[in-house]
2 protein chains.
Amino acid sequence: MGSEGHADGTVGKALDVLEMVADQGGPVRFSDLLALSHYPKATLYRLLQTLVNQGMLSQDLDSGAYRIGVRLVRLAHNAWAQSSLAPLARPHLDALAAEVGEAIHLAQIDNGHILFVDKRKTTNMFETLAQAGRVAPAYCTGVGKAILAFLPEASRDKVMPQQSFHPYAPATHTGPASLLAELEIIRAEGVAFDREEHERGIISIAAPIRSRAGRVIGAVSIATSTSRHTLEELNALKPRLLHCAAAIGAEAESWQFPEIV
Amino acid sequence: MGSEGHADGTVGKALDVLEMVADQGGPVRFSDLLALSHYPKATLYRLLQTLVNQGMLSQDLDSGAYRIGVRLVRLAHNAWAQSSLAPLARPHLDALAAEVGEAIHLAQIDNGHILFVDKRKTTNMFETLAQAGRVAPAYCTGVGKAILAFLPEASRDKVMPQQSFHPYAPATHTGPASLLAELEIIRAEGVAFDREEHERGIISIAAPIRSRAGRVIGAVSIATSTSRHTLEELNALKPRLLHCAAAIGAEAESWQFPEIV
DNA sequence: GATGTGGTTCCATTAAGTGAAACTAAGTCT
DNA sequence: AGACTTAGTTTCACTTAATGGAACCACATC
């Protein structure tokens, strides 16, 4: 991950570096970045300088370490508020979480991968935040399959080849055929199950969030562990989950999300 | 606001454009941006192309309009989570909001201006100007004065000349002298009041959030309208507010925020 | 006072960004 | 239908800015 090859121009490199700092989750020293990136010393240096000048990064006065700058924080809020389902869905997730007492996930799709944009976990608030913003595969998560199932055919065709089908667990789909078959079932049932396909012991039930126009714009899921609940018990929550997804979808009516895929 | 002159190099321009799109709060067409920016057509075009290539912006397939891209959303989450007081303060704000039943604001300072990073609104009845992610002046807001008061002298000296002293309301400070005098009082009392200085009918009580080292890293406030409460009533909440600020400050101990000012 | 490490600056070379203008694709009007 | 505007895209000679190897500086550490 990190620096993909397609760094066109100076801007690409700068953004690459910016992301690199952001990914570190804290102050990073110059030499650490130098080691991480394949940029020559002077180039990296200038890039960082520029970003600091721009307020996107900020440099610690004494240690000289780099971190997120205020301008990025401001931009971040802006971007997040307008371009993610999260703020809109928040109250609905709160309600659902309070009612079912299990972990709730809200996800969108991003180039064939699942982007978790919000989470509720009734037990620990902190971990929640740590994980939102993370990316997971689509083919082996509840939310992923829920989205895939309801994607327009054309989009799905573009997304399928991007799936790695890495066998995370015994139950993981190992190829497109079985996955496509399951998607059919999901379309019929209206919800997707994660049957310990991504992580052993973790199961979930997921529903797509659809705008009134019918476009899938995300998915919600209720996740739990096999030690706490069975799939049947999760299935009992289906009406509640669908209701939540519908509520979010209805509100998202006017809202515009970046084109999928 | 928006595009300050200091756009060094291509990267600066690109970020400028990026921010411009983000500020629009929705899809923007090329020509709108062309009108907004002072960049020549071709330059703007290439800049946008680059940003789209980089995944920071996304272009609508049919309309061709530009909006926030998924990569920016991902970056945004990252940045927000690690670089703002918000995630850390969240539970404390929730608690305070539940207890006092009034609007709660969390703010940081950013180049002499106040950046609202989170808010709790218990009633939709009145809408304060402070939307999360928004910027407000320091000299005429509760949170702003609370921060100013406890800033180290050197920082304050840098920040004071940045205040515009625009008279939003009759009670607004009109110059540094009276403001500095009030800051003295605030230091003594430990809290700052907004006495309808920014918006008529809106009052608040604010407390600085300080790390154990004593550095001000933000402020919390309880805001209400004159129709609902008096300043004296707000003052009764002082212990509760101070407690909340202290709790956040204690937790922020290890946490590092970009250098102020 | 020598050696090492982390960070900053120089400068000739090269690549990349620039933007006026020309062009294409859709409308819109008569 | 043909002329005319409007919105977006491409071209290309020109200019500016990015590049990176190497030298340099600051400050520890031996």
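Every chain is numbered from 1 and lettered A, B, ... according to where its sequence line falls, protein lines coming before strand lines. No hydrogens, no waters, no symmetry mates; every other heavy atom, side chains included, goes into these values.
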Should the ring pair Phe116(A) and His105(A) be called parallel, tilted or perpendicular, given that the plane angle runs from 0 to 90° and is split at 30 and 60?
perpendicular
dist Thr10(A):OG1 -> Asp16(A):CG (nearest 0.5 Å) comes out at 12.5 Å
Would you please name every residue forming a ring-ring contact (aromatic ring centres under 6.0 Å, His included) with His173(A), sequence neighbours left out?
none
Name the first nucleotide and the last nucleotide along DNA chain C (5' to 3') that come under 4.0 Å of a heavy atom in chain A.
dG6(C) to dG17(C)
pair Arg71(B)-Glu19(A): side-chain heavy atoms closer than 4.5 Å
yes
Starting at CZ of Phe30(A) and ending at P of dA26(D), how long is that distance when rounded to a whole Å?
17 Å
Bend angle of the helix from dG1(C)-dC30(D) to dT30(C)-dA1(D), from helix axes over five pairs at each end, nearest 10°
30°
Go through the steps to decide whether Tyr139(A) and Phe165(A) satisfy the test ring-ring contact (aromatic ring centres under 6.0 Å, His included), and finish with yes or no.
CA-CA 7 Å; Tyr139(A) 68 95; Phe165(A) 292 107; 5.0 Å; yes
For Arg90(A), the side chain to side chain donor-acceptor pair (under 3.5 Å) test, sequence neighbours excluded, returns none
Nucleotides 17-21 of chain D: which of its N/O atoms have a protein N/O under 3.5 Å away?
| unit_1 | atom_1 | unit_2 | atom_2 | d |
| --- | --- | --- | --- | --- |
| dT19(D) | OP1 | Lys13(A) | NZ | 2.8 |
| dT19(D) | OP2 | Arg46(A) | NH1 | 3.4 |
| dG20(D) | OP2 | Thr43(A) | OG1 | 2.9 |
| dG20(D) | N7 | Arg46(A) | NH2 | 3.1 |

Distance-only polar pair, side chains of His92(B) and Glu251(B), donor-acceptor under 3.5 Å
yes
So does Tyr45(B) get a side-chain nitrogen or oxygen closer than 4.0 Å to the phosphate oxygens (OP1/OP2) of dG8(D)?
no
Kindly say whether Phe150(B) contributes a backbone atom to a donor-acceptor pair with the side chain of Arg187(B) at under 3.5 angstrom?
no
Taking Thr50(A) for its side chain and Arg46(A) for its backbone only, find out whether a donor-acceptor pair lies under 3.5 Å.
yes
Side chain to side chain donor-acceptor pair (under 3.5 Å) with Asp157(A): which residues, sequence neighbours excluded?
none
